[in-house]
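For reference, the structure is listed below as structure tokens.
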Amino acid sequence: MPSKSSARLAALTVAAVCSAASTVVLTSPAHADAVRVHDVQGTTRISPYAGKQVTDVTGIVTGVRTYGSSKGFWIQDPQADADPATSEGVFVFTSSTPKGVAVGDAVKVSGTVSEFVPGGTSSGNQSLTEITRATFTVLSSGNPVPAAVALDADAVPDAYAPEGDPAANGSVNALPLRPSAYALDLYESLEGMNVQVADTRVVGATDPYTELWVTVKPEENDNRRGGTVYGSYASQNGGRIMVQSLGRTADFPVANVGDTLAGTTAGPLDYNQFGGYTLVANQLGTLESAGLERETTRKQRRGELAVATYNVENLDPSDDTFAAHASAIVNNLQSPDIVSLEEIQDNNGAVKDGTVAADRTVRKLIDAIAAAGGPVYDWRSIDPVDLADGGEPGGNIRQVFLFNPERVSFTDRAGGDATTAVGVTEERGKAALTVSPGRIDPANAAWNNSRKPLAGEFVFRGRTVVVVANHFNSKGGDQGFTSQYQPPARSSETQRHAQATAVNAFVKDVLAVQKNANVVVLGDINDFEFSGTAKILEGDGELWSAIKSLPRSERYSYVYQGNSQVLDQILISPGIRRGCDFEYDSVHVNSEFNDQISDHDPQVLRFHP
């Protein structure tokens with residue numbers, strides 16, 4: 001006999017209204033009676049009931065989300081069909097905080113089946129099957145939740161995604177799911193279902209949005225620090241999955257790469273705008289620290305020139321990270337002779353008042369470095385045209401050269417400004433810049449709303465070294481790995497290719513004057529060492545990305561969605577590479593840590609000019 005509370009809940013019917021904005025993919029309205037959850041989900045990514053009304057869809061509540069813009073609850077049919085392609089779980093979108101429903105309730109739901117695309121259709125993301133404009137009735141409470149499906153190395157296929165249908169612009173939406181063949185198909189076949197991971201390694205540190213990334217394939221392109229390395233477009237690392245929580249923010253584990261979520265982490269499998277398939281945990285494992293430590297490179301020797309690149313992430317005078325950045329430069333990077341800084345903001349940061357000077361920002365960092373026991377660096381840069389170089393609106397980010405005047409000198413050549421192009425001339429048989437510092441081809445459309453490269457002429461122990469500091473166009477707008485389009489489009493690289501072409505042309509001009517010139521091109525290239533951007537930069541041997549001197553497992557400067565990958569690079573001319581008398585180090589001080597002061601790891605090159 002049911003309890004009084006069960007009888008009361010059995011009589012409770014709750015209605016919820018769905019906002020029209022959440023319904024993105026609909027077909028012609030129709031009506032269908034008493035379908036099951038697996039009927040709603042179907043055998044492709046798009047529900048056969050999209051746009052239709054469904055009545056009395058039954059299931060057990062496996063999770064309730066009361067926060068964010070996507071409030072509602074998940075239900076799962078405990079009586080699965082025999083088809084592994086059809087999910088037994090679905091999300092019921094309620095718009096407002098769902099009331100009168102709890103995990104373990106048996107419910108029946110009526111409403112409209114919709115395909116919601118997180119981030120909108122222009123994002124290219126897959127859609128999430130939902131029941132919206134729902135009414136639901138609680139039939140009983142305290143029921144056992146359907147057993148979680150284990151996600152592990154055996155369950156997740158090595159192949160990532162099928163090729164999309166050329167007739168549908170590369171979309172995989174209409175393709176039959178093959179969960180035993182492709183990782184993305186497996187996850188889609190489990191959309192909305194209760195899943196679990198066990199004793200899984202963290203491959204993306206906890207971020208401010210209380211999410212982290214784990215891998216269920218621990219040997220998949222792993223490295224010695226616990227990460228999963230992204231080394232080619234054909235190897236997307238399907239074992240990665242995001243973990244969020246349905247619990248309190250304060251209870252979410254604060255993890256670094258290499259840590260372990262020991263025990264079981266379980267909950268519904270969701271799909272969101274920022275990471276694709278996501279385990280939204282009702283149950284979180286216990287964090288076990290791997291004790292990951294920040295790296296320290298070695299000090300350059302007397303005859304070695306040390307050149308570094310470091311993206312300091314929108315640094316302006318109001319930030320509280322100056323001492324930490326200074327410590328990283330002095331202690332972890334061992335005070336390089338030349339440091340190319342990216343994302344130095346103007347003196348008042350993201351304020352749109354016409355300010356473009358950054359002398360206060362740079363001086364504050366230089367003073368902090370000296371206070372940390374480092375050298376008193378000198379610096380050179382060029383102020384951009386207001387609001388012309390992209391980045392945070394009003395911040396006017398730019399590249400800045402720091403250099404240790406006790407070890408290296410800067411050759412100043414007057415005339416460089418935001419709009420004047422640096423050229424190459426010959427002086428006593430050697431290549432020289434027409435202006436120093438100067439900007440490469442700033443009127444070129446390749447640099448529209450993007451940072452212009454900063455070129456400078458340095459002298460170390462009587463040898464001239466031309467250094468070009470870069471911050472290429474970001475990857476914003478590219479389709480994600482879990483896109484409905486496979487392979488995903490990388491639209492942002494069109495501009496980076498044009499930027500790489502311009503920089504390579506400049507280097508060709510230098511080498512045409514002096515074949516053995518020492519040229520270092522470095523910075524936040526915003527692309528991989530195997531990318532088309534890197535190939536264009538390298539050209540016909542004018543440059544070579546020195547991070548490729550490292551073992552593949554050590555090639556990374558950034559961790560994104562659980563992939564350890566290269567964005568920051570130092571490229572060298574044949575005169576530097578030829579003798580193999582150089583050493584490269586990607587110094588991991590930020591990307592793997594939850595308390596990072598920048599999302600990029602600095603890179604250091606040591607060589608004998």
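A donor-acceptor contact closer than 3.5 angstrom links the side chains of Ser586 and Gln603. Between the side chains of Ser340 and Tyr310, not a single donor N or O lies within less than 3.5 Å of an accepting N or O. For Ser318 and Asp316, the side-chain atoms include at least one donor-acceptor pair closer than 3.5 Å. Side-chain contact, Asn221 with Ser235: a donor N or O sits under 3.5 Å from an acceptor N or O. A donor-acceptor pair shorter than 3.5 Å can be found between the side chains of Gln345 and Asn314. A donor-acceptor contact closer than 3.5 angstrom links the side chains of Glu592 and Tyr556. Side-chain contact of Gln484 with Asn173: a donor-acceptor pair under 3.5 Å is present, judged by distance alone. A donor and an acceptor atom, one from each side chain of Thr355 and Asp353, are located under 3.5 Å apart. A donor-acceptor pair shorter than 3.5 Å cannot be found between the side chains of Gln244 and Tyr209. Inspection of the Thr420 and Asp417 side chains reveals an N or O donor paired with an N or O acceptor under 3.5 Å. For the residue pair Asn311 and Asp568, no side-chain donor N or O sits within less than 3.5 Å of a side-chain acceptor on the partner. Using modelled atom types, one finds a donor on one side chain and an acceptor on the other under 3.5 Å when comparing Thr278 with Asn272. In summary, the side chains of Thr533 and Asp527 do present a donor paired with an acceptor at a separation below 3.5 Å, with no hydrogens or angles considered. Of the N and O atoms on the side chains of Ser492 and Asp478, at least one donor lies less than 3.5 Å from an acceptor on the other residue.
For Glu406, the CD atom sits in a loose shell: 12 or fewer heavy atoms of surrounding residues, nucleotides or ligands are nearer than 6.0 Å. Enclosure of atom CZ in Arg298 by more than 12 non-hydrogen atoms of other residues, nucleotides or ligands within 6.0 angstrom is indicated. Applying the 6.0 Å contact sphere to NZ of Lys299 captures more than 12 heavy atoms from other residues, nucleotides or ligands. The neighbour count for Tyr560 OH, taken as heavy atoms of other residues, nucleotides or ligands under 6.0 Å away, does not exceed 12. Within a 6.0 Å sphere centred on CZ of Arg463, other residues, nucleotides and ligands contribute 12 heavy atoms or fewer.
Minimum heavy-atom separation, Ala255 to Thr206: N-OG1, 2.8 Å. The minimum heavy-atom distance between Thr309 and Leu522, with the atom names listed, is CB-CD1, 3.8 Å. For the pair Asp601 and Val587, the tightest heavy-atom approach, listed with the atom from each and the gap, is CB-O, 3.4 Å. Nearest heavy-atom pair, Gly227 versus Ser564, reported as atom, atom and distance to 0.1 Å: CA-OG, 4.1 Å. Heavy atoms only, all atoms of each residue included: Tyr584 and Ser549 are closest at CB-OG, 3.6 Å. Scanning both residues, Ala446 and Gln499, for their nearest heavy atoms gives O-NE2, 3.0 Å.
At distances below 3.5 Å, not a single donor-acceptor pair connects side-chain atoms of Asn470 with backbone N or O atoms of Gly523. Side-chain atoms of Gln334 come within 3.5 Å of backbone atoms of Asn331 as a donor-acceptor pair (strictly under, hydrogens ignored). Remark: side-chain polar atoms of Thr434 are paired, donor with acceptor, to backbone N or O of Gly423 under 3.5 angstrom.
To the nearest 0.5 angstrom, Ile597 atom CD1 is 6.0 Å from Thr321 atom OG1. Within the model, atoms CG of Asp346 and CG of Asp383 stand 8.5 Å from one another, a figure rounded to the nearest 0.5 Å. Atom CD of residue Gln565 and atom CG of residue Leu567 lie 5.0 Å apart, to the nearest 0.5 angstrom.
Between Leu184 and Gln126, the closest side-chain pair of non-hydrogen atoms falls below 4.5 Å. Side-chain contact between Glu342 and Glu313 is absent, with no heavy-atom pair separated by less than 4.5 Å. Counting heavy atoms from C-beta outward, Pro384 and Asn396 have side chains that approach closer than 4.5 Å. Contact of the Val312 side chain with the Ile344 side chain is registered, since non-hydrogen atoms from C-beta on lie closer than 4.5 Å. Counting only heavy atoms from C-beta outward, the side chains of Leu305 and Val465 approach each other to under 4.5 Å. The shortest distance between side-chain heavy atoms of Phe458 and Thr411 does not fall below 4.5 Å. Using a 4.5 Å cut-off on side-chain heavy atoms (C-beta onward), Gln561 and Met242 make no contact. Residues Pro602 and Val589 are in side-chain contact: their nearest non-hydrogen atoms beyond the backbone lie under 4.5 Å apart.
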| field | CA sep, side-chain torsions, deciding dist, call: Asp222, Val229, side chain to side chain contact (heavy atoms under 4.5 Å, CB included) | value | CA-CA 6 Å; Asp222 59 325; Val229 177; over 6 Å; no
| message | Test side chain to side chain contact (heavy atoms under 4.5 Å, CB included) on Val202 and Trp213; report intermediate values, then the result. | response | CA-CA 6 Å; Val202 175; Trp213 288 78; over 6 Å; no
| said: With side chain to side chain donor-acceptor pair (under 3.5 Å) as the criterion, how do Asn516 and Gln514 come out once you've worked through the C-alpha distance, each side chain's angles and the decisive distance to 0.1 Å? | reply: CA-CA 6 Å; Asn516 66 342; Gln514 183 185 345; 3.2 Å; yes
| said: Pair Val459, Val408 - check side chain to side chain contact (heavy atoms under 4.5 Å, CB included), show working. | reply: CA-CA 6 Å; Val459 176; Val408 66; 5.8 Å; no
| task | For the pair Thr228 and Glu220, evaluate side chain to side chain donor-acceptor pair (under 3.5 Å) and give the outcome as yes or no after the intermediate values. | result | CA-CA 7 Å; Thr228 294; Glu220 185 177 52; 5.6 Å; no
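The pair Glu457-Arg380 fails the salt-bridge criterion, with no side-chain N (NZ, NE, NH1 or NH2) lying under 4.0 Å from an Asp/Glu carboxylate O. Electrostatic pairing of Glu538 and Lys548 counts as a salt bridge here, judged by a charged N lying under 4.0 Å from a carboxylate O. Glu427 and Lys430 are not joined by a salt bridge, as no carboxylate oxygen comes within less than 4.0 angstrom of a charged side-chain nitrogen. Arg398 has no carboxylate O lying under 4.0 Å from a charged side-chain N of Asp389, or vice versa, which leaves the two without a salt bridge. Salt bridge annotation for Glu392-Lys352: absent, with no cationic side-chain nitrogen under 4.0 angstrom from a carboxylate oxygen. For Glu295 and Arg224, the salt-bridge test passes: some basic side-chain N is under 4.0 Å from an acidic carboxylate O. Checked for salt-bridge contact, Asp337 and Arg606 miss the test: no charged N lies under 4.0 Å from a carboxylate O.
The side-chain contact (heavy atoms from CB on, under 4.5 Å) search around Asp359 returns Asn347, Ala357, Trp379, not counting sequence neighbours.
Cation-pi contact between Arg490 and Tyr233: present, with separation from the ring centre below 6.0 Å and deviation from the ring axis of at most 45°. Arg451 forms no cation-pi arrangement with Phe472, by the criterion of a distance under 6.0 Å to the ring centre and an angle within 45° of the ring axis. Relative to the six-membered ring of Phe528, Lys475 meets both conditions, a distance below 6.0 Å and an angle of at most 45° to the axis.
A side chain to side chain contact (heavy atoms under 4.5 Å, CB included) with Phe607 is found for exactly one of Asp581, Ile572, Val520, namely Val520.
Between Phe481 and Tyr230, a ring centre-to-centre spacing shorter than 6.0 Å is recorded. Between His608 and Phe582, a ring centre-to-centre spacing not shorter than 6.0 Å is recorded.
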